[in-house]
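This report refers to the structure that appears directly beneath it.
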Amino acid sequence: RLALPYADKLVSDVSTGIIASGPIFTLMDMATSISIWLKTGVFQPQATLDLRVDYLRPAQPGNTVVGRGECYHVTRSVAFVRGVAHDGDPDKPIGNYLFSGPTG
């Protein structure tokens with residue numbers, strides 16, 4: 001799990017205070033990469049081959065966004081990961097993420 005604390009510099013629209021999608025995507029890309037490293041036991045650069053995002057809702061202004069990645073399958077050349085981002089309640093996610101990246 002990784003955390004992205006709320007910061008004004010991450011806001012995409014100051015009138016709403018909602019965090020831009022880019023920092024959340026970056027958080028999830030890192031969380032999913034870490035899950036591959038933990039699963040394979042190898043620390044190496046990860047390239048995103050495919051990323052699917054099911055955007056469910058914006059993060060609430062002022063809340064820390066938490067991202068969790070889980071590597072659920074590894075082949076000789078590709079790792080498959082799923083992840084969830086939320087802003088305080090894991091049962092009310094901001095988005096669901098499916099990711100694949102190379103293992104070697």
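- A pairwise comparison of heavy atoms in Ala79 and Cys71 identifies CB-SG, 4.1 Å as the closest pair.
- Put simply, the side chain of Ile36 reaches to within 4.5 Å of the side chain of Gln46, judged on heavy atoms.
- Checking Asp13, Ile24, Asn63 one by one against Ile19, the side chain to side chain contact (heavy atoms under 4.5 Å, CB included) holds for a single residue, Ile24.
- With a 6.0 Å radius and a threshold of 12 heavy atoms from other residues, nucleotides or ligands, Arg57 has its CZ atom above the threshold.
- At a threshold of 4.5 Å between non-hydrogen side-chain atoms, the residues Val78 and Leu49 count as touching.
- The closest side-chain donor-acceptor pair between Asp87 and Thr64, if any, does not fall under 3.5 angstrom.
- Here the closest heavy-atom approach between residue Met28 and residue Val84 is recorded as CE-N, 3.6 Å.
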Self-check item: Val42 vs Trp37, side chain to side chain contact (heavy atoms under 4.5 Å, CB included): CA-CA, chis, key distance, verdict
Solution: CA-CA 5 Å; Val42 178; Trp37 299 338; over 6 Å; no
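- Between Ile94 and His86, the shortest heavy-atom contact is CD1-C, 3.7 Å.
- Seen from the ring of Tyr72, Arg82 counts as a face-on cation partner, given the 6.0 Å and 45° thresholds.
- Taken together through direct or relayed side-chain contacts under 4.5 Å among Ile, Leu, Val, Met, Phe, Trp and Tyr, Leu4 and Leu51 form part of one hydrophobic cluster.
- The nearest pair of heavy atoms linking Ser33 to Phe99 is OG-CZ, 4.5 Å.
- Using a distance-only test at 3.5 Å, with no hydrogens or angles considered, a donor-acceptor pair links the side chain of Tyr6 to the main chain of Gly17.
- The heavy-atom pair separating Ala20 from Pro23 by the smallest distance is O-CD, 3.3 Å.
- Linking Ile, Leu, Val, Met, Phe, Trp and Tyr whenever their side-chain heavy atoms come within less than 4.5 Å leaves Leu56 and Tyr97 in two separate clusters.
- In this structure, Asn96 and Val53 have side chains that are not in contact, with every pair of non-hydrogen atoms separated by 4.5 Å or more.
- At a threshold of 4.5 Å between non-hydrogen side-chain atoms, the residues Ile18 and Val11 do not count as touching.
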Quiz item: Could you walk me through whether Asp54 and Arg52 pass the salt bridge (Lys or Arg N to Asp or Glu O under 4.0 Å) check?
Solution: CA-CA 7 Å; Asp54 294 326; Arg52 175 184 165 177; 3.0 Å; yes
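- Of all non-hydrogen atoms in Val66 and Arg1, the two that sit nearest each other are CG1-CD, 4.1 Å.
- Panel note: side chain Thr48, backbone Asp50; no donor-acceptor pair is recorded below 3.5 Å.
- Val74 and Leu38 fall into different hydrophobic clusters, where Ile, Leu, Val, Met, Phe, Trp and Tyr are joined by side-chain heavy atoms under 4.5 Å apart, directly or via other members.
- Hydrophobic clustering of Ile, Leu, Val, Met, Phe, Trp and Tyr side chains at less than 4.5 Å, counting indirect connections, keeps Leu27 apart from Leu98.
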